[in-house]
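Since the structure comes first, as structure tokens, the remarks are kept for the end.
Only heavy atoms go into these numbers, but all of them, side chains included; no hydrogens, no water, no symmetry mates. Note on naming: letters A, B, ... go to the chains in the order of the sequence lines (proteins, then strands), and numbering restarts at 1 for each one.
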Protein chains: 2
Amino acid sequence: MVDRSDQRLDAIFHALADPTRRAILGMLAQREHAIGELAPAFPISGVAVSKHVRTLEAAGLVTRRVRGRSHLCRLDPVALLEAHRWLGGYQRFWSERLDALEALLEEMKREPDGR
Amino acid sequence: MVDRSDQRLDAIFHALADPTRRAILGMLAQREHAIGELAPAFPISGVAVSKHVRTLEAAGLVTRRVRGRSHLCRLDPVALLEAHRWLGGYQRFWSERLDALEALLEEMKREPDGR
DNA sequence: TTGACATTAAACCATATGGTTTTACAAAAA
DNA sequence: TTTTTGTAAAACCATATGGTTTAATGTCAA
């Protein structure tokens with residue numbers, strides 16, 4: 001019952017569950033960065049940042065291309081989309097709530113005295 | 001730089017990074033369940049399931065009401081919505097890709113010989 | 001009141017995680 | 001060629017995690 005897509009979601013959500021890794025994604029959302037450019041933004045060693053990048057890469061959230069001694073990292077949106085779609089499967093739960101709220105507001109507009 | 005909403009996302013994504021916990025959410029998406037009803041669905045002890053539920057509860061993904069000796073668990077969509085919205089912040093990355101693909105397909109429709 | 005039931009608490013264990021420092025290596029610069 | 005630079009690999013450490021088993025607790029049923 002634990003299939004491949006399960007394991008992929010495990011890796012994606014686990015990768016997203018760390019604030020440093022989310023911040024790295026945020027930087028990569030601006031533009032491609034070498035690991036050495038990412039590292040100074042964090043209060044941890046470059047080695048630690050490198051390991052975070054590897055985790056993101058393993059989860060499919062980041063791709064890397066090596067140019068000389070620099071490893072250029074780029075956001076890969078596909079994994080983010082996967083997670084987004086999985087969560088979207090629950091959308092009806094919150095939109096039901098929003099619908100209820102909306103209906104209530106509508107009601108209030110039609111009967112402003114709250115009758 | 002690690003504020004409250006950061007920690008909330010940590011907890012939410014961490015809670016989602018486990019297949020048992022995601023399966024529990026799946027069951028709760030059907031209807032409210034007592035912990036004792038959830039447990040037989042998994043090949044682990046009831047104690048372990050109880051701890052998973054606590055993790056989900058701590059992340060705000062599940063609420064619990066106690067009725068006699070049963071603890072009734074219900075999905076709380078708000079935390080899921082939070083995660084969904086965070087991911088939605090990256091939507092432009094995959095929609096850009098989809099837009100490009102769409103444009104390409106449009107092009108192919110207009111010039112079916114691939115010129 | 002006694003006993004069964006649903007759940008939590010506590011103690012424990014193996015492994016995973018996020019960090020460190022040190023070592024290694026390939027590429028660019030001197 | 002030698003040195004410096006960017007990154008990974010390896011070894012290590014403390015703590016977190018997901019599981020177990022064994023009490024402890026409160027609630028329903030005989």
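With distances taken from any side-chain atom of B:H52 to the nucleotides C:dG18, D:dG18, D:dT20, the minimum falls on D:dG18. Taking every side-chain heavy atom of A:R21 into account, C:dG18 is the closest of C:dT7, C:dG18, C:dT20.
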Extract from the structure each pairing of a protein N or O with an N or O of nucleotides 22-27 of chain D at less than 3.5 Å, listing the distance.
none

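Within the 4.0 Å cut-off from OP1 or OP2 of D:dG6, not a single side-chain nitrogen or oxygen of A:S70 is found. For D:dG19, neither phosphate oxygen OP1 nor OP2 lies less than 4.0 angstrom from any side-chain nitrogen or oxygen of B:S45.
In this structure, NZ of B:K51 is placed 11 Å from P of C:dA9, rounded to the nearest angstrom. Rounded to an integer number of Å, the gap from CG of A:D18 to P of D:dT17 is 12 Å. To the nearest angstrom, P of C:dA16 lies 22 Å from CZ of A:F13. Atom CG of B:D10 is separated from atom C1' of D:dT17 by 15 Å (rounded to the nearest Å). As rounded to whole Å, 13 Å separates atom C1' of D:dG18 from atom NE2 of A:H14. Atom CD1 in A:I24 sits about 11 Å away from atom P in C:dG18, given to the nearest Å. Rounded to an integer number of Å, the gap from B:L56 CG to D:dG18 C1' is 13 Å. Per the geometry, CD1 belonging to B:I44 stands 10 Å off P belonging to D:dG18, to the nearest Å.
Between B:V78 and B:L61, every side-chain heavy-atom pair lies at or beyond the 4.5 Å cut-off. Taking the side chain as every heavy atom from C-beta outward, B:F93 and A:L80 never approach each other to under 4.5 Å.
Between A:H14 and B:H14, the distance from one ring center to the other does not fall under 6.0 angstrom.
Every residue was checked against the ring pair (Phe, Tyr, Trp, His ring centres under 6.0 Å) condition with B:H33, not counting sequence neighbours, and none meets it.
Both B:H71 and A:P43 sit near DNA chain C, but only B:H71 has its closest nucleotide nearer the 5' end. Mapping A:T20 and B:R54 onto DNA chain C via the closest heavy atom, the residue that lands nearer the 5' end is B:R54.
The existence of a salt bridge linking B:E37 and B:R31 is confirmed by a sub-4.0 Å separation between a basic side-chain nitrogen and an acidic carboxylate oxygen.
Atom OG1 of residue A:T55 and atom CD1 of residue A:I24 lie 9.0 Å apart, to the nearest 0.5 angstrom.
Relative ring orientation between B:H84 and A:H84 is described as parallel, the plane-to-plane angle staying below 30° on a 0-90° scale split at 30° and 60°.
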